[in-house]
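Just follow the structure's listing: the first ligand is 1, and inside any ligand the first atom is 1.
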Amino acid sequence: MSVHGDAFPMQGGCDCRGVRYALLTAPLFVHCCHCTWCQRESGTAFALNVLIESDRVALLEGTVDVVHTPSNSGKGQKIARCPTCRIALWSNYAGSGDALRFVRAGTLDEARRVAPDIHIYTSTKHEWVILPPDVPAVAEYYDRKQYWPEQSLARRAAALAPR
Ligand SMILES: [Zn+2]
Ligand SMILES: [Zn+2]
């Protein structure tokens, strides 16, 4: 959604360039997460995650190592990392399984085109991070139906539907 311009695919990758991938279309939604898990995993104040169907992320070069990592929900997340430089490229969370990916926005070549659709877990936001007044912000998580565009809800339902 909140990606400026309509130039897709949008490419990204790791530091050593062993892994290259492309987002084939605009994402479903973009989270800026201020939870303490994301702070620890990113080593900074928040994580910027692009939510998109897994089959709209094309691996162009290399392979990823999937590392099982604890998560806030207790159900764990699978973090896909470059096998060489170990940069994290995306996560799959238990909630939406393997159908949806949370792509680390900062690994996109044109990461500056990505802006959050919502700020979540602002209850643990760093004090110095000032949020813009025109972007939704919630203390913890949120009801998808209240914030996602119709089209993204439909795409998510299709991705999670049993085949
Ligand atoms: Zn690498
Ligand atoms: Zn988080």
Side-chain angles (χ1 to χ4, degrees), residues 1-3 9-24 27-54 57-112 114-132 135-148 152 156 159-160:
M1 269 282 95
S2 250
V3 175
M10 233 178 128
Q11 291 197 17
C14 65
D15 275 353
C16 78
R17 297 187 75 82
V19 178
R20 296 290 298 162
Y21 70 88
L23 300 185
L24 299 180
L28 300 165
F29 214 60
V30 178
H31 282 177
C32 186
C33 186
H34 301 262
C35 83
T36 55
W37 292 77
C38 286
Q39 289 167 358
R40 202 162 40 240
E41 287 159 18
S42 65
T44 178
F46 52 78
L48 193 56
N49 284 316
V50 169
L51 279 64
I52 189 166
E53 298 93 322
S54 297
V57 184
L59 197 56
L60 305 176
E61 255 172 76
T63 55
V64 292
D65 259 4
V66 174
V67 181
H68 293 259
T69 309
S71 73
N72 198 12
S73 72
K75 294 179 195 151
Q77 61 172 317
K78 294 189 243 177
I79 303 183
R81 295 180 177 276
C82 167
T84 307
C85 72
R86 296 281 157 188
I87 292 288
L89 298 155
W90 57 76
S91 294
N92 292 81
Y93 286 94
S96 42
D98 292 332
L100 299 187
R101 284 184 188 164
F102 285 58
V103 177
R104 305 282 213 268
T107 65
L108 289 162
D109 297 344
E110 298 177 273
R112 284 163 34 137
V114 179
D117 291 311
I118 193 167
H119 291 269
I120 62 176
Y121 291 98
T122 60
S123 58
T124 49
K125 178 179 80 56
H126 287 195
E127 295 266 326
W128 57 265
V129 176
I130 311 299
L131 301 183
V135 178
V138 293
E140 307 260 310
Y141 211 71
Y142 65 96
D143 179 6
R144 199 176 296 114
K145 290 188 198 78
Q146 215 183 315
Y147 293 98
W148 282 31
S152 294
R156 179 181 181 276
L160 295 184

Look at the N, O or S atoms of His34, main chain and side chain alike, and state whether any lies under 2.8 Å from the Zn ion (ligand 2). no
Do Arg156 and Trp148 have side chains that approach each other closer than 4.5 Å (heavy atoms only, starting at C-beta)? yes
Distance filter under 2.8 Å, centred on the Zn ion (ligand 1) - protein N, O or S atoms that pass it: Cys14 SG, Cys16 SG, Cys82 SG, Cys85 SG
Decide whether Tyr142 and His31 meet the rule of one side-chain donor and one side-chain acceptor closer than 3.5 Å. yes
Parallel, tilted or perpendicular: which one describes the rings of His119 and His34, with boundaries at 30° and 60°? tilted
Is it true that the side chains of Thr44 and Ser42 contain a donor and an acceptor less than 3.5 Å apart? no
SG/Cys32 to CG/Leu48 distance, rounded to the nearest 0.5 angstrom? 5.5 Å
Do any N/O/S atoms of His31 come under 2.8 Å of the Zn ion (ligand 2)? no
Counting C-beta onward and ignoring hydrogens, is there a side-chain heavy-atom pair between Arg104 and Asn49 closer than 4.5 Å? yes
Looking at Asp65 and Arg86, does any basic side-chain N land under 4.0 Å from a carboxylate oxygen? yes
